[in-house]
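In what follows, every chain begins at residue 1, and chains take the letters A, B, ... in the order their sequences are listed. What you see below is based on every heavy atom in this structure, not just the backbone, and it leaves out hydrogens, waters and symmetry mates. Not measured: the values here are computed from a predicted model.
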Protein chains: 2
Amino acid sequence: MCAIPTIDDILSARERIQPWVHVTPLVSNTSLNRRYGCTVHFKMENLQRVGAFKARGAHNAVFSLSEEQIKQGVCTHSSGNHAQALALAARNRGVAAYIVMPRTAPKVKVAAVQEYGANITFCEPNLDAREEAVARVVSKSGATVVHPYDNADIIAGQASVAAEVFEQADNPVDTLLCPVGGGGLLGGTLLASKYFSPSTTVIAAEPSGANDAWKGMQTGRRVESHNPNTICDGLLTTVGELNFAIMQQEQVTVVTVSDADVLEELQSFWQRTKSIIEPSSAVVLAAMRHPDVAPLLQGRHVCAIISGGNADIALASQP
Amino acid sequence: MCAIPTIDDILSARERIQPWVHVTPLVSNTSLNRRYGCTVHFKMENLQRVGAFKARGAHNAVFSLSEEQIKQGVCTHSSGNHAQALALAARNRGVAAYIVMPRTAPKVKVAAVQEYGANITFCEPNLDAREEAVARVVSKSGATVVHPYDNADIIAGQASVAAEVFEQADNPVDTLLCPVGGGGLLGGTLLASKYFSPSTTVIAAEPSGANDAWKGMQTGRRVESHNPNTICDGLLTTVGELNFAIMQQEQVTVVTVSDADVLEELQSFWQRTKSIIEPSSAVVLAAMRHPDVAPLLQGRHVCAIISGGNADIALASQP
């Protein structure tokens with residue numbers, strides 16, 4: 001599958017991944033309703049397997065591959081949540097996972113991937129070295145590459161987040177906020193909204209230090225590479241091709257937020273909800289206070305997708 | 001009510017507080033099942049109103065008082081979760097709350113109590129000064145004192161935690177772990193277990209730097225005062241009279257744990273569950289690894305009461 005996922009693709013994805021991932025809760029907090037001036041529910045993908053929504057797409061992709069395609073295992077390059085997600089999905093399907101990680105990856109992330117039984121290949125921390133390492137691993141192992149976001153099965157899996165939200169919400173969701181990095185979650189969210197809740201407006205949020213999605217929508221041309229500078233370590237990549245096609249088709253609004261605002265909202269969220277979220281998730285909270293967004297939310301039913309919880313806890317005391 | 005709460009007292013308490021408090025979730029985590037060698041569910045009172053189980057007892061006490069008793073408001077001395085809980089309960093009943101706090105109380109706790117509209121009186125940080133200040137406030141305001149734990153209505157309210165656990169659990173709970181400070185939660189937990197799940201064994205956990213409950217059970221005599229030294233700021237008080245009577249009646253086992261073990265389990269829990277818990281809650285986790293307790297839990301169905309989440313987040317990076 002390499003075209004934009006259909007409603008059936010998303011329904012099949014939900015069924016396919018159901019044995020392997022959690023239905024995460026939709027939670028609210030009185031004090032945060034006041035802070036944001038609306039009735040806001042948080043979709044807690046920080047409580048998902050591997051601590052992030054990435055478990056959904058990875059399981060859909062791995063369990064969509066044929067016996068023939070999968071028998072030599074799967075491969076990806078990632079130092080983040082997709083690496084853990086793919087390692088877990090491969091273990092659940094009983095095949096090998098080959099993960100290429102930069103040699104500078106935090107020890108805790110390396111350990112997490114190892115815990116799922118994956119084979120790790122280290123490389124220099126740049127895109128050329130990563131791609132070269134993947135090519136080498138694939139030619140040696142015969143593994144199938146699973147791209148972290150520019151992949152229709154990944155997008156269909158991530159779409160299950162919003163699909164669940166629409167079932168769980170007591171009221172129709174007026175506005176749904178979603179972070180954007182490579183665009184796997186955003187692509188899936190846009191499609192699920194279109195298919196299951198067409199009255200919902202999706203707003204995408206990204207750090208101003210990695211604003212390729214915003215630029216792409218402004219100019220109508222996908223940004224292919226950039227030098228990001230942000231604490232949101234899950235949102236460093238540029239939007240993928242298929243992902244950008246969906247964003248253009250749905251004419252999504254993208255807003256950018258500063259790292260300072262992200263950190264302030266992250267700390268407020270930790271304190272009030274007792275739930276740890278990662279900076280890449282707090283972009284949607286900062287977006288709710290963005291001058292172009294806040295007035296639209298007042299008194300409405302809003303949902304914010306909390307994409308993951310794999311944070312460095314020392315962020316809590318960072319000024 | 002000043003006798004040990006009956007089954008009807010607990011059933012009434014649940015009904016009385018139901019409009020004001022959350023039914024908190026019972027959650028599990030595969031990695032923590034492995035860590036503790038059993039199927040363990042966590043009762044997440046860190047997600048309770050005011051971030052701690054104290055909301056339950058305070059609402060039961062405040063809504064149990066007659067119009068006559070309550071009309072001049074309620075009063076207590078506390079710098080912790082009971083202060084916030086009483087302030088919230090008073091606001092919900094529409095009466096004044098007078099809270100005596102040591103002038104050394106953290107600003108964030110003072111602000112939280114103020115946010116609930118309570119009147120705060122500051123005093124020197126010692127027991128005599130606190131009691132004197134309470135007496136002054138009461139004589140001036142006519143408010144009714146609500147003791148944080150040595151009070152049957154408080155105990156009946158806290159009993160709702162365990163009562164909920166027994167309804168929520170898919171399997172009979174073999175062992176239920178509960179922290180002990182003043183004994184309000186423990187007293188309630190022991191009674192709820194006796195009434196609703198007599199096959200459950202309750203184990204109480206306390207920091208070794210505030211081991212009055214353990215000493216009391218060893219000697220058969222309640223410790224009336226001590227000089228605690230522990231990071232578990234919710235467990236500094238000595239067990240109350242009514243609370244100790246229940247502990248003796250039920251012959252509860254108390255185990256003590258070191259602050260170092262508490263901190264290790266707290267950090268492990270934050271990382272794995274993405275949920276912030278306070279040190280006073282992590283005593284039950286440390287107790288699960290106690291050499292006298294761990295062997296009893298292997299392969300059993302266990303529940304640990306996570307009492308609250310009002311933690312200094314800087315604890316995360318403390319060595």
Side-chain angles (χ1 to χ4, degrees), chain A residues 20-32 34-35 42 44-53 55 81 84 88 91-92 106-109 111-112 115-116 263 266-278 281-282 306-319, chain B residues 20-32 34-35 42 44-53 55 81 84 88 91-92 106-109 111-112 115-116 263 266-278 281-282 306-319:
Chain A
W20 310 110
V21 303
H22 298 312
V23 173
T24 53
L26 200 59
V27 309
S28 67
N29 178 288
T30 315
S31 157
L32 291 175
R34 274 198 304 273
R35 184 177 184 91
F42 304 101
M44 302 296 273
E45 287 294 300
N46 59 330
L47 305 178
Q48 186 52 267
R49 300 296 308 271
V50 313
F53 71 93
N81 294 329
Q84 290 182 55
L88 174 64
R91 191 181 70 180
N92 283 336
K107 278 206 182 74
V108 55
K109 297 205 168 183
E115 208 179 315
Y116 293 121
L263 192 59
L266 175 135
Q267 291 173 343
S268 135
F269 195 90
W270 287 19
Q271 283 290 4
R272 286 175 169 82
T273 68
K274 313 305 174 198
S275 202
I276 294 172
I277 64 174
E278 57 189 57
S281 298
I306 300 298
S307 51
N310 294 323
D312 175 356
I313 293 182
L315 284 171
S317 43
Q318 200 162 308
Chain B
W20 310 110
V21 302
H22 298 313
V23 173
T24 53
L26 200 60
V27 308
S28 68
N29 180 289
T30 315
S31 158
L32 290 176
R34 275 198 303 271
R35 185 177 183 90
F42 304 100
M44 301 297 273
E45 287 294 299
N46 59 331
L47 305 178
Q48 188 50 269
R49 302 295 309 269
V50 314
F53 72 93
N81 295 330
Q84 290 184 55
L88 175 64
R91 191 181 72 180
N92 283 336
K107 278 204 182 76
V108 54
K109 297 206 167 181
E115 208 180 316
Y116 293 121
L263 192 59
L266 175 135
Q267 291 172 342
S268 135
F269 195 90
W270 286 19
Q271 283 290 4
R272 286 176 169 80
T273 68
K274 313 305 173 196
S275 203
I276 295 172
I277 64 172
E278 58 190 57
S281 297
I306 300 299
S307 51
N310 294 324
D312 175 357
I313 292 183
L315 284 170
S317 42
Q318 201 163 307

K.L.:
Checking heavy atoms, do the side chain of B:Glu278, its backbone, both or neither come under 4.5 Å from chain A?
P.N.:
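The answer is neither part of B:Glu278.
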K.L.:
Rounded to the nearest 0.5 Å, how far does OG1 of B:Thr273 lie from CG of A:Leu47?
P.N.:
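If we round to the nearest 0.5 Å, A:Leu47:CG and B:Thr273:OG1 are 8.0 Å apart.
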K.L.:
Is B:Asn310 in contact with chain A via its backbone, its side chain, both, or neither, using a 4.5 Å heavy-atom distance?
P.N.:
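Answer is both: backbone and side chain atoms of B:Asn310 are under 4.5 Å from chain A.
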K.L.:
For a side chain to side chain contact (heavy atoms under 4.5 Å, CB included) with B:Lys274, tell me which candidate from A:Asn46, A:Ile306, A:Ile277 qualifies.
P.N.:
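Of the listed options, the one satisfying the test is A:Asn46.
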